[in-house]
Every structure is written in C-alpha cells, then in structure tokens.
J.: 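My questions all concern the structure below.
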Amino acid sequence: MNLPTPMPTPVAPTVALVTDAASPVGRAVALALAQRGWHLALHYQDDSTAPALSALVQECQALGTQAVAIQCGLTEETEINTLLPRAMQQLGGLGYISCIVNNASHMEHDNPASFSSASLERHMQNNLAAPILLAQALYAATLKNEGAQAVVINVLDQKLFNPQPDFLSYTLSKAALHSATALLAQAYAPQLRVAGVAPSLTMPLTTNGQQPRLPATLEDIAATVCFIASSSAITGSTLVVDGGQHLYPDPRDQGAAHGKSSHPH
C-alpha cells in the first residue's frame, strides 16, 4: 500500500524578513507581524532610514519579539544574495526564516513620452529581480528544513487592475512581478508559497465626481499580509486591498494627480 506523500508543515510564526521596513507599509507590516509573534529581520537600503529602523526595532521588541535591522542595497545581485544569509545568521537561533515580505519598491514618475530604457532597468532591478532572487534564496533555505513550508508575499499595486499610463516603468515592473508571483508559486510548490498584495493609495479617493470613497488603511494592508502568511492554502494569488478603487477605472493615476506615488511603500 502506497502512503500519501506528507505535505509540508504550514507556516507558524517564526522569523520574517520585511524589505524597506521603514516605509509606511513596511512599518505597519512589521508591527502587525510582531503583534502575532513573529521575530523580524527589518531591511533598509541607506543610512537616511537608519534612525527610523532603530525606532521600529525597539517598538517590535517592546511587543515581545526579537528584531534586528539589516542594511542591504537591492541593485546588485551579489549584494542581494547576502541579505537572507545575514538575516538567518542574526536570528537563526530563533528558528528558520519562513516568510519574506517583498515590500521595497523603486518608484519614479514617467509616462510614454518620457520613458527611457534606463528608467525601466532601474525599476526592474528593484521591483522584479530583487524579489525573485530573495524568493529563490528562501526556497533553497526551506529545502534544507525537511517538511517545512515558507511563504513569499510580494507587495504589488492596485494599478495593475486599474491601469493608467502614469508611472509607466513602475507599472511595467509591478506587472512583471505579478506574473512572477504565479510562476514562482508553480515552480516552488509545495515548499514555498508565493502570493501578492495589491494596495491602493491611503488618501481619500473620488470617483468621477462622486462622494469620496474610503481607501485601504495601512492596518488593512498589514492585516492582509498577516492573513496570507498564516493561510497555508493561499498561493499564486493576489489580494487587492484598495476599498474597491479598481472597480472604478480612472484615466489618470490619482497619486500622480495629487503629486504622490500610487501607494505608500
């Protein structure tokens, strides 16, 4: 009699890596994970965010978890490949890393008239290549823990479901990451789940001159990330967290219209 192959153990709170943890979404996600018992490796890219990271580390530790700040650039493959091993080294005694939240994002405005290959390359490196490399590293690390399962959560953008030509290179890079989310989920199952969260602006939204609609809050976005992290049946899917913004197409990006980015990375 052939017994069924055991399924990997679902993710339980252990250690999570959050990229660009000093950003509004990153900070909210880090605190929400800490409240749920996760230990945290909090990533930042440059010294300008170091003070905010230091304060966030202390806030997470006050919630009863261990947290460390790790600086790493996301433009060079060799440097990106050091991030997960360094996080594992600093927090390895607390259990293996079983979650990466790919929140770091490069965003600069362009449109079809101002588009350049250099701009596209910058966006693709930060917003696509870095998340894929981190997923690759987490999958390899998870294979070393027999029967374990881990999860990668890619922070996308509701613009993918409500496209406008503003922020063209950024949108293209997020569209590619959206496709990669499903492809990696297929390739790395069942040891690694890969899913996406597509948030909106957190400012009040208007729809064709109608009453303002309530946007998603940072807490909404963070709660969705935590839900995916703890839900072993979710993989290859993207949850849109935007207060229904994608149901009312706009010809222009509302963030561009307000002089802001399209989501609070």
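Note that the numbering runs from 1 along the sequence shown for the chain.
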J.: Could you check whether N102 and T19, counting side-chain N and O atoms only, form a donor-acceptor pair closer than 3.5 Å?
T.: no
J.: Side-chain contact test, heavy atoms from C-beta onward, threshold under 4.5 Å: evaluate it for N103 versus S23 and give yes or no.
T.: yes
J.: Can you tell me if CD on E79 sees more than 12 non-hydrogen neighbours from other groups inside 6.0 Å?
T.: yes
J.: What heavy-atom pair brings A198 and F161 nearest, and what distance separates the two atoms?
T.: CB-CE1, 3.9 Å
J.: Report the residue from N127, L134, T181, I132 that forms a side-chain contact (heavy atoms from CB on, under 4.5 Å) with N154.
T.: T181
J.: Do S105 and D20 get their side chains close enough for a donor-acceptor pair, meaning under 3.5 Å?
T.: no
J.: In terms of side-chain heavy atoms, does T142 have a donor or acceptor partner in N145 at a distance below 3.5 Å?
T.: no
J.: Using only heavy-atom distances, determine whether the side chains of T78 and N81 contain a donor-acceptor pair under 3.5 Å.
T.: no
J.: For side chain to side chain contact (heavy atoms under 4.5 Å, CB included), just list the numbers for F115 and L120, CA-CA rounded to whole Å, side-chain angles, deciding distance to a tenth of an Å, and then say yes or no.
T.: CA-CA 8 Å; F115 172 85; L120 181 63; 3.7 Å; yes
J.: Between T14 (side chain only) and Y96 (backbone N and O only), is there a donor and an acceptor less than 3.5 Å apart?
T.: yes
J.: Test of understanding: with salt bridge (Lys or Arg N to Asp or Glu O under 4.0 Å), list the residues that count as partners of E59, not counting sequence neighbours.
T.: R27
J.: Do other residues, nucleotides or ligands put more than 12 heavy atoms under 6.0 Å from E76 CD?
T.: no
J.: Do you know the tightest heavy-atom contact between D46 and Y44?
T.: O-CD1, 3.2 Å
J.: Going by heavy atoms in the side chains, are S116 and D110 under 4.5 Å from each other?
T.: no
J.: Does the plane of the ring in Y170 sit parallel, tilted or perpendicular to the ring in H123? Use 30° and 60° as the thresholds.
T.: perpendicular
J.: With no hydrogens and no angle check, just 3.5 Å: does a side-chain donor-acceptor pair link D242 and S200?
T.: no
J.: Is it true that, when you exclude Q71 itself, more than 12 heavy atoms of the residues, nucleotides or ligands shown sit nearer than 6.0 Å to its CD?
T.: yes
J.: If you draw a 6.0 Å radius around CZ in F227, do more than 12 non-hydrogen atoms from other residues or ligands fall strictly inside?
T.: no
J.: Do L183 and I153 land in one hydrophobic cluster if side-chain heavy atoms of ILVMFWY residues count as linked below 4.5 Å?
T.: no
